[in-house]
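Both ligands and their constituent atoms are indexed starting at 1 by order of listing.
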Amino acid sequence: MKEKLHALETEALEQVEQANSLADLQQVRVSYLGKKGPITEVLRGMGKLSKEERPVIGELANKVREAITIAIEAKKQVLEEAVLNQQLKSETIDVTLPGRPVEVGGPHLLTSLVTEIEDLFIGMGFEVREGPEVETDYYNFEALNLPKDHPARDMQDTFYITEELLMRTHTSPVQARTMGEYRGSKPLKMICPGKVYRRDTDDATHSHQFTQVEGLYVDKNVRMSDLKGVLNQFAKQFFGAEREIRLRPSFFPFTEPSVEMDISCKVCHGKGCSVCKQTGWIEILGAGMVHPNVLEMAGYDSDVYSGFAFGMGPERIAMLKYGIDDIRQFYTNDRRFLGQYHQA
Ligand code: FA5
């Protein structure tokens with residue numbers, strides 16, 4: 001029995017030595033120390049031994065088991081270390097590699113522009129208002145001195161939904177709505193940015209959906225010079241202090257007198273070049289003194305109150321400011337185009 005145990009020990013220690021992986025080692029443990037292994041078998045057969053042999057064999061069997069256990073534990077540590085080293089080697093991080101760039105988003109150019117325009121007018125005491133894009137015929141036209149069948153309705157080709165409902169063709173209905181809300185009770189100074197819709201054929205300078213920013217100032221004693229002052233301030237802050245403005249007579253049914261505002265050409269400074277079609281000036285917006293009929297329809301006494309209004313298209317303004325040659329760039333969301341205007 002003693003020889004058998006010694007032979008088992010030698011054999012097991014050899015197997016431990018030869019084990020090349022943690023799985024092999026586990027196999028050795030199971031075969032020598034497991035419930036069905038030879039050492040357990042020896043210990044189970046102790047009953048058959050003589051009284052004298054039993055403690056000697058028992059002690060030896062335990063020693064052999066301990067020796068094998070210690071050898072397995074030692075080998076396990078070696079193998080585990082080897083696995084770890086292998087892993088560390090294969091997962092090495094090269095800290096000198098350049099990082100993957102993180103793409104940073106930003107507001108759309110139009111959003112930034114409208115925010116910039118809002119900030120300029122808020123600085124001059126205007127509040128920001130909103131109105132519905134699906135508008136009634138009344139607010140889009142009638143309340144703005146454009147009765148049904150008025151020929152000037154043709155100036156804005158309209159998407160009708162029903163006889164009385166339409167996609168608003170400009171932001172001017174928000175003036176009528178706001179004045180109607182106050183019903184002549186107090187002065188008002190507002191701007192309204194928003195989307196508008198027209199049955200225009202899309203080309204480099206026209207879109208069937210575009211943005212407008214409306215402005216309105218109604219109070220006692222508001223004069224044309226106030227309009228000119230506010231627009232001049234806006235143009236200089238938005239385009240640059242060196243730019244000049246001029247007002248040309250025009251026609252809008254909701255303003256009298258009506259004007260079109262031009263700014264001096266950035267390229268030729270008024271001398272005339274291909275950008276400004278040799279005129280020296282570039283058209284920016286429509287404006288005028290609020291027509292007495294519009295004030296009266298909204299409940300303002302036109303003998304007491306007067307006002308000015310203006311409306312501009314931010315896309316066209318941005319095209320001038322940044323030299324963008326096609327309005328469709330605003331809507332196709334090409335990130336190469338939009339990315340140029342993200343502020344860091
Ligand atoms: C109006 O819409 C008037 N409501 C503006 C106004 C308000 C005048 C208050 C007086 C008082 P107009 O149709 O000119 O005006 O349009 C204003 C601006 O919208 C134009 O100067 C232009 O910049 C822009 N715009 C007009 N049509 C288009 C289009 N199809 N695509 C892109 N921008 C356009």
Side-chain angles (χ1 to χ4, degrees), residues 110 113-114 117 121 126 129 131 133 135 139-141 143-146 150 152-159 166-179 188-218 222 224 226-228 230-231 234-235 238-239 245 247-263 281-295 298 306-321 324-331:
L110 259 180
L113 271 169
V114 170
I117 295 171
F121 282 102
F126 286 74
R129 285 267 173 165
E133 287 170 31
E135 189 49 282
Y139 282 117
N140 197 79
F141 290 128
L144 295 169
N145 204 28
L146 274 149
H150 192 293
R153 285 192 178 204
D154 284 352
M155 289 164 76
Q156 301 178 2
D157 220 350
T158 310
F159 287 117
L166 46 84
M167 301 305 291
R168 69 177 177 193
T169 54
H170 51 174
T171 40
S172 301
V174 186
Q175 321 177 2
R177 281 181 173 275
T178 314
M179 283 193 278
L188 77 99
K189 208 172 177 189
M190 55 146 263
I191 59 160
C192 162
K195 292 193 199 99
V196 301
Y197 305 82
R198 285 188 198 176
R199 284 184 50 187
D200 285 344
T201 305
D202 290 359
D203 62 22
T205 51
H206 293 82
S207 173
H208 60 281
Q209 179 204 304
F210 58 99
T211 317
Q212 277 194 348
V213 178
E214 189 78 12
L216 174 72
Y217 178 28
V218 176
V222 176
M224 192 85 180
D226 296 313
L227 169 66
K228 192 168 180 184
V230 165
L231 294 181
F234 163 72
F238 192 79
F239 291 102
I245 67 160
L247 302 181
R248 274 182 297 110
S250 183
F251 170 76
F252 296 102
F254 29 90
T255 45
E256 182 57 40
S258 300
V259 292
E260 212 108 41
M261 182 182 105
D262 300 339
I263 54 160
W281 297 92
I282 294 169
E283 186 188 314
I284 291 292
L285 50 80
M289 300 305 291
V290 181
H291 197 291
N293 288 355
V294 174
L295 288 169
S306 55
F308 67 69
F310 57 86
M312 63 181 99
E315 286 94 335
R316 296 249 185 105
I317 286 178
M319 289 169 80
L320 293 175
K321 186 167 174 170
I324 298 164
D325 60 4
D326 196 321
I327 197 168
R328 289 165 289 201
Q329 295 271 32
F330 289 98
Y331 317 115

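Within the structure, the closest approach of His208 to ligand 1 does not fall below 4.0 Å when heavy atoms are considered.
The pair Arg316-Glu283 does not count as a salt bridge, with every side-chain nitrogen at least 4.0 angstrom from each carboxylate oxygen.
Looking at heavy atoms from C-beta onward, Met224 lies in side-chain contact with Pro257 at the 4.5 angstrom threshold. Between Ile317 and Val213, the closest side-chain pair of non-hydrogen atoms is not below 4.5 Å.
Taking distance alone, with nitrogen or oxygen atoms compared against 3.5 Å, Asp200 approaches ligand 1 more closely than that limit. Below 3.5 Å of separation, one finds an N or O of Gln212 facing an N or O of ligand 1.
Considering each of Gly311, Ala309, Ser207, the one bringing a non-hydrogen atom nearest atom 5 (C) of ligand 1 is Gly311. Residue Phe252 holds the heavy atom nearest to atom 15 (O) of ligand 1 of all those in Phe254, Phe308, Phe252. Distances from atom 2 (O) of ligand 1 to the heavy atoms of Met155, Glu214, Arg198 put Arg198 nearest.
Atoms of ligand 1 lying under 4.0 Å from any heavy atom of Ile327, numbered from 1 in the order shown and given with element: 32 (C). Every atom of ligand 1 with a heavy atom of Gln175 under 4.0 Å away is listed here by number and element: 9 (C). Of all atoms in ligand 1, numbered sequentially from 1 with element shown, those under 4.0 Å from a heavy atom of Gly286 are 6 (C), 8 (C), 10 (C). Near Phe310, meaning under 4.0 Å from any of its heavy atoms, are these atoms of ligand 1: 7 (C), 9 (C), 11 (C). Which parts of ligand 1 touch Ser172 is read off a 4.0 Å heavy-atom cut-off, strictly below it: atoms 4 (N), 7 (C).
Under 4.0 angstrom from ligand 1, the non-hydrogen atoms of Ala287 all belong to its backbone.
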Carefully, step by step, assess Phe252 and Asn145 under the rule side-chain contact (heavy atoms from CB on, under 4.5 Å). CA-CA 9 Å; Phe252 296 102; Asn145 204 28; over 6 Å; no
Under the side-chain contact (heavy atoms from CB on, under 4.5 Å) rule, what do Phe330 and Thr211 come out as? Steps first, then yes or no, please. CA-CA 11 Å; Phe330 289 98; Thr211 317; over 6 Å; no
Go through Leu320 and Ile284 one step at a time and tell me if the side-chain contact (heavy atoms from CB on, under 4.5 Å) criterion holds. CA-CA 9 Å; Leu320 293 175; Ile284 291 292; 3.4 Å; yes
After noting the C-alpha distance and the side-chain angles of Arg328 and Asp202, does the key distance pass the salt bridge (charged side-chain N to carboxylate O under 4.0 Å, His left out) rule? CA-CA 8 Å; Arg328 289 165 289 201; Asp202 290 359; over 6 Å; no
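Looking only at atom types and distance, the side chain of Glu135 has no donor-acceptor partner in the side chain of Tyr197 under 3.5 Å away.
For atom 33 (N) of ligand 1, the nearest non-hydrogen atom of the protein is Phe210 CD1, 3.3 Å. Closest to atom 21 (O) of ligand 1 among all protein heavy atoms lies Ile284 O, 4.0 Å. Of all protein heavy atoms, the one closest to atom 20 (C) of ligand 1 is Arg316 NH1, 4.3 Å.
Aromatic ring pairs are classed by plane angle as parallel below 30°, tilted from 30° to 60° and perpendicular above 60°; the pair Phe310 and Phe126 is perpendicular.
Taking the six-membered ring for Trp, His170 and Phe254 have ring centres closer than 6.0 Å.
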